[in-house]
Amino acid sequence: DSNEVSEVENYVKANKADPNPEYFGKAKGKNVIYISMESLQSFVIDRDLNGEEITPFLNSLIDDKEAIYFDNLFHQTGQGKTSDAEFIMENSLYPLPQGAVFMTHANNTYQSSPAILKGEGYSSAVFHGNYKTFWNRSEMYRSMGYDQFFDATYYDMSKPEEQLPYGLKDKPFFEESIPLLKSMKQPFYSKFISLSNHFPFDRHEEDTDFGQGDTKDGVVNRYFQTAHYMDEALEDFVNDLKENGLYDDTMIVLYGDHYGISENHNKAMAEVLGKEEITDFDNAQLQRVPLLILNSGAEGGVNHTYSGQIDVRPTVFHLLGIDTTDYMSFGQDMLSKEHKEIVPFRNGDVITDKYSDIKGVCYNNETGEPVDEADAKGCDEASKEANKRLELSDKVVYEDLLRFYTPDGFKPIDRSDYNYNNPNP
Ligand code: GP9
Ligand code: MN
């Protein structure tokens with residue numbers, strides 16, 4: 001009820017990180033493109049395979065300081081995978097400890113990015129080469145206030161060599177998206193969900209000249225190839241945006257959605273990383289996913305802040321010059337001087353800039369070794385804070401608390417105003 005909302009509101013407002021004036025409003029009025037990079041983990045960034053870069057395009061954006069790159073950002077997804085990442089990024093709420101919030105709480109009241117930006121004059125759309133029912137997306141997007149959902153019915157799904165179990169391969173997907181994107185009213189807020197780099201990372205031998213790894217683990221070997229193919233698709237897409245005059249006025253946010261290589265592949269991963277073994281500590285560190293903000297109007301460079309996907313929305317909104325005071329965001333602007341470096345995970349682990357609390361063991365980040373009992377205070381404090389955040393966020397979702405709260409100036413979304421039936425499938 002409204003008392004519970006007040007508790008959350010007080011917590012969120014007390015923990016808000018004020019915008020950094022150096023960045024605030026730098027991207028004001030620009031179009032926004034989010035790109036969900038399927039299963040991309042940060043360890044592939046700047047890594048070579050047989051002397052060739054796995055992700056040369058992303059690397060070039062970082063090396064040439066074209067993008068702001070966050071190299072200590074972690075995914076915070078649970079069982080909802082891609083959909084959990086979407087949920088976190090666009091609501092600045094945590095996904096659930098069990099199940100996928102897209103499936104279980106699609107009818108809640110939300111104050112999601114597309115709805116907030118609607119108030120700033122933005123149109124909105126999602127682009128994805130899979131069908132609209134997957135992850136219950138079409139139901140969730142109605143609650144999020146997305147104007148349009150260009151799902152597989154808008155793409156040419158007739159060529160077997162372009163098809164994967166989860167939909168259309170990335171290159172044709174991005175290519176065919178350009179005319180759809182051009183049809184949108186500007187400024188637009190859009191999200192592109194890639195899928196070529198999806199487990200089991202196969203069927204791309206004919207689509208790129210890039211080879212595979214040579215460990216004994218085919219999943220890990222192929223991952224490099226599909227990640228490289230995605231990188232090529234992203235480069236083509238950015239070039240297409242430039243050729244179509246869409247680049248200059250558009251800020252692009254590229255994010256890895258979740259891990260691709262599970263703990264089942266630790267042996268090959270140890271070989272790839274040149275380690276004896278992958279410990280619990282190492283595995284937690286591998287949950288870093290790349291986040292690049294391209295063309296924000298602010299200077300690019302590498303930012304080492306420890307952060308999570310939850311922090312992206314306030315960061316992006318502040319770049320757009322939007323006052324976030326009234327929104328129930330559990331993240332903090334990563335470019336703010338007040339940003340606290342505590343990263344809660346859905347499994348109860350937590351990582352800070354100094355410590356990692358993994359399966360109840362407190363590690364020193366620098367050494368990767370467990371700390372003495374006496375030094376575990378850093379973990380205990382972070383853990384307490386992380387649990388508080390998760391608990392309050394879960395309350396918002398489980399009890400549908402945003403029903404009782406309307407941010408100043410926000411026009412609530414009526415989900416019956418939205419449907420995504422393709423008129424010409
Ligand atoms: C399917 C794509 C992949 O639509 O988002 O989903 P995932 O299995 O990664 O959640
Ligand atoms: Mn995914």
Side-chain angles (χ1 to χ4, degrees), residues 33-44 55 73-91 94-106 125-141 144 146 148-155 157 162-174 176-177 190-204 219 222-223 226-227 229-231 233-234 253-265 286-291 308-309 312 345-347 420 422:
I33 293 179
Y34 272 74
I35 302 179
S36 168
M37 300 185 290
E38 179 58 44
S39 299
L40 198 69
Q41 293 172 242
S42 301
F43 77 87
V44 298
T55 56
L73 181 129
F74 295 79
H75 83 81
Q76 294 167 304
T77 60
Q79 290 170 341
K81 307 295 290 187
T82 309
S83 72
D84 273 1
E86 294 179 58
F87 184 76
I88 308 169
M89 304 283 293
E90 298 185 289
N91 296 287
Y94 289 97
L96 296 177
Q98 235 120 56
V101 56
F102 263 46
M103 303 285 231
T104 59
H105 293 78
V126 181
F127 300 74
H128 185 42
N130 193 352
Y131 294 92
K132 66 180 179 181
T133 50
F134 197 84
W135 280 129
N136 203 29
R137 282 187 172 108
S138 51
E139 289 308 312
M140 188 59 163
Y141 292 165
M144 294 172 70
Y146 264 110
Q148 284 172 291
F149 180 10
F150 298 112
D151 78 339
T153 61
Y154 288 83
Y155 294 85
M157 304 296 277
E162 292 182 350
Q163 291 296 311
L164 294 167
Y166 286 109
L168 185 61
K169 287 181 179 174
D170 290 350
K171 283 185 189 177
F173 163 64
F174 280 114
E176 292 175 38
S177 297
S190 61
K191 171 166 67 180
F192 290 76
I193 305 169
S194 72
L195 54 77
S196 274
N197 191 41
H198 194 286
F199 185 88
F201 316 110
D202 56 359
R203 308 184 201 200
H204 285 79
V219 164
R222 294 190 301 271
Y223 180 75
T226 51
Y229 169 87
M230 170 169 62
D231 184 79
L234 294 172
V253 181
L254 301 121
Y255 69 98
D257 63 348
H258 50 73
Y259 70 80
I261 306 292
S262 74
E263 286 180 273
N264 299 334
H265 306 281
L286 281 168
Q287 304 312 306
R288 284 175 169 81
V289 291
L291 177 82
Q309 290 167 328
V312 176
F345 293 93
R346 221 28 288 199
N347 62 6
Y420 308 112
N422 184 352

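The first residue of the sequence shown is numbered 1, and numbering continues consecutively from there. Worth saying up front: this structure is predicted, and the values here are computed from it rather than measured. We count ligands from 1, going down the list as the structure has it; atoms in each ligand are counted the same way.
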On the 0 to 90° scale, with breaks at 30° and 60°, tag the [X]-[Y] ring pair as parallel, tilted or perpendicular.
X	Y	result
Y166	F134	perpendicular
F87	F102	perpendicular
Y223	F201	perpendicular
Y141	F149	perpendicular

Notebook entry, point to check: Just heavy atoms, cut-off under 4.0 Å: does Q79 contact ligand 1 by side chain, backbone, both, or neither?
Noted result: neither

Notebook entry, point to check: Where does L195 meet ligand 1, judged by heavy-atom distances below 4.0 Å: at the side chain, the backbone, both, or neither?
Noted result: neither

Next item on the list: Taking only Lys NZ, Arg NE, NH1 and NH2, and the carboxylate oxygens of Asp or Glu, determine whether E90 and K191 approach each other closer than 4.0 Å.
Entry: yes

May I ask you to list the atoms of ligand 1 that are less than 4.0 angstrom from any heavy atom of [X]?
X	result
R137	1 (C), 4 (O), 5 (O)
N130	1 (C), 4 (O)
H258	9 (O)

Note to self: Taking 2.8 Å as the cut-off, does T82 contribute an N, O or S atom near the Mn ion (ligand 2), distance below it?
What the structure shows: yes

Check: Does any N, O or S atom of H198, backbone or side chain, fall under 2.8 Å from the Mn ion (ligand 2)?
Finding: no

Check: Does one side chain, of T82 or D257, offer a donor that lies under 3.5 Å from an acceptor on the other?
Finding: yes

Check: Please state the angle at the Mn ion (ligand 2) spanned by OE1 of E38 and OD2 of D257: what is it, rounded to 10 degrees?
Finding: 90°

Notebook entry, point to check: Quick one: does T82 get an N or O within less than 3.5 Å of an N or O on ligand 1?
Noted result: yes

Note to self: I need the nearest protein heavy-atom contact for atom 8 (O) of ligand 1: residue, atom name and distance, please.
What the structure shows: H198 NE2, 2.8 Å

Item checked: Identity of the nearest option to atom 4 (O) of ligand 1, non-hydrogen atoms only, from E86, E38, H128 -> H128

Item checked: Test item: Q148 side-chain N/O and Y420 main-chain N/O as donor-acceptor pair under 3.5 Å -> no

Notebook entry, point to check: So is W135 close enough to ligand 1, meaning a heavy atom under 4.0 angstrom away?
Noted result: yes

Item checked: Greater than 12 external heavy atoms within 6.0 Å of Y259's OH -> no

